[in-house]
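Below, chain A is the first sequence line, B the second, and so on; all start at residue 1.
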Number of protein chains: 2
Amino acid sequence: MSELSPRDSIRHGFGQRRSLSRRQYTIGELAKIFEVTPRTIRFYEQEGLLTPERRGRTRVYHEKDRVRLKLTLRGKRLGFSLAEIREVVQLYDQAPDGDERQLQLLLDILGEKREAMQQQLEDIRILQRELDEVETRCRESLALLEEARGKR
Amino acid sequence: MSELSPRDSIRHGFGQRRSLSRRQYTIGELAKIFEVTPRTIRFYEQEGLLTPERRGRTRVYHEKDRVRLKLTLRGKRLGFSLAEIREVVQLYDQAPDGDERQLQLLLDILGEKREAMQQQLEDIRILQRELDEVETRCRESLALLEEARGKR
DNA sequence: GATCAGCTTGACGTTAACGTAAAGTAGACC
DNA sequence: GGTCTACTTTACGTTAACGTCAAGCTGATC
């Protein structure tokens, strides 16, 4: 249940019409699914990244929230700050009704993110080559040690 | 001079044998090249990522240091912590003379980093698709606005 | 020799992203 | 009705990665 793969469970009960959008979660469930603490999830809400429903005082999360959390954590893995992620996430579903200036601004931000990710791809390629080098040298050293032991 | 491309200047003076490894930098020069502050560079030294020569009290940086700084900043762009970067960087040139246990540990760490980067590649692909979606919707909205204005 | 730019150490400040502890509530079960 | 579990808010603590003075040294230049 670590949510590494993008398998959104679409399993239905027997004859039940359990629409995806009706599935709901407690904060603890969501925390377990994504292997974060409830504190983290509350913090993301405080930062405007999640807006769960309230039933009394307790939070109720829906698919929309789960998807957002997933997107947020993905962004984090890529080194984006919560502020940057919020920029995109907020626009993500507020987009269609913005005025022209808003939309243009969104396109600009998207462009920036795109550039950043392009840079990351480049960085990853370079780093992978460098890791390869280190690994090669490392294996050579090991081989030498093996050989020396053989002669002993 | 923003060091985005990997062009290591190999330009020679007229008849001068100016070996690459003899080129040296002050902290300010290095800071300008990579667009960071001297404070940052001193901090990286304090964290064991750089070990510049000392001439009196002042630091003198060589190619080796420049390469390390470059590697460090690349790591940062990929969201690695300085501690993680140090792990790799230190091993990077200390590797050949380690004992077997050390070398094995290095291989393990390399494996981890490799996995992390694989995950990042996946994340980037997904995020790029999502950005594409947002951009499409955004452009559609703009088109609608254009059209509406045409009819007015 | 004064001034200035660029270096130095030292120390405290700041921000992001949570951790953690305290104290209270609300429903499930025995 | 008591206990347990999982939730809640409030608030202070912590860590990483620097920023920001302050105060002093050092070599070049006017």
On the ring face of A:Y25, is A:R23 found with NZ or CZ under 6.0 Å from the centre and within 45° of the axis? yes

Pick out which of A:Q119, A:E122, A:Q120 makes a side-chain contact (heavy atoms from CB on, under 4.5 Å) with B:R77. A:Q119

List in chain and number order the residues that pass side-chain contact (heavy atoms from CB on, under 4.5 Å) with A:L144, two or more places apart in sequence or in another chain; answer none if no residue qualifies. A:E147

Flag the pair A:R42 and A:E45 as a salt bridge only when some basic side-chain nitrogen lies within less than 4.0 angstrom of an acidic carboxylate oxygen. no

Rounded distance (Å) that lies between atom P of D:dT5 and atom NZ of A:K32: 13 Å

Residue whose closest nucleotide on DNA chain D lies nearer the 5' end, A:E29 versus B:F43: A:E29

side-chain contact (heavy atoms from CB on, under 4.5 Å) partners for B:T51, two or more places apart: B:K64

Report, as yes or no, whether the 6.0 Å neighbourhood of atom CD on B:E115 holds more than 12 heavy atoms from other residues, nucleotides or ligands. no

Between D:dC18 atom P and B:L69 atom CG, what is the distance in whole Å? 11 Å

Taking side-chain contact (heavy atoms from CB on, under 4.5 Å) as the definition, give me every residue that meets it alongside B:R129, ordered by chain and number, with sequence neighbours left out. B:I126

Of the nucleotides D:dT8, D:dA11, D:dC18, which one has an atom closest to the side chain of B:Y44? D:dC18

B:E35 CD - D:dG19 P separation (whole Å): 14 Å

In whole angstroms, how far is the C1' atom of D:dT26 from the CZ atom of B:R59? 15 Å

Partner residues of A:T26 under the side-chain contact (heavy atoms from CB on, under 4.5 Å) criterion, sequence neighbours left out: A:E29

What are the 5'-most and 3'-most nucleotides of DNA chain C lying under 4.0 Å from any heavy atom of chain B? C:dC7 to C:dT9

Identify, residue by residue, the members of residues 45-58 of chain A with a heavy atom below 4.0 Å from DNA chain C, and return them in order of residue number, or none. A:R57

Scan B:V89, B:L49, B:I85 and name whichever one has a side-chain contact (heavy atoms from CB on, under 4.5 Å) with B:L71. B:V89

Let me spell it out: for each of A:S81 and B:Y61, pick the nucleotide of DNA chain C with the closest heavy atom. Which residue's pick is nearer the 5' end? B:Y61

For B:R42, answer base if it contacts any base atom (sugar-phosphate contacts may also be present), sugar-phosphate if it contacts only those atoms, and nothing otherwise; contact means non-hydrogen atoms under 4.0 Å. base

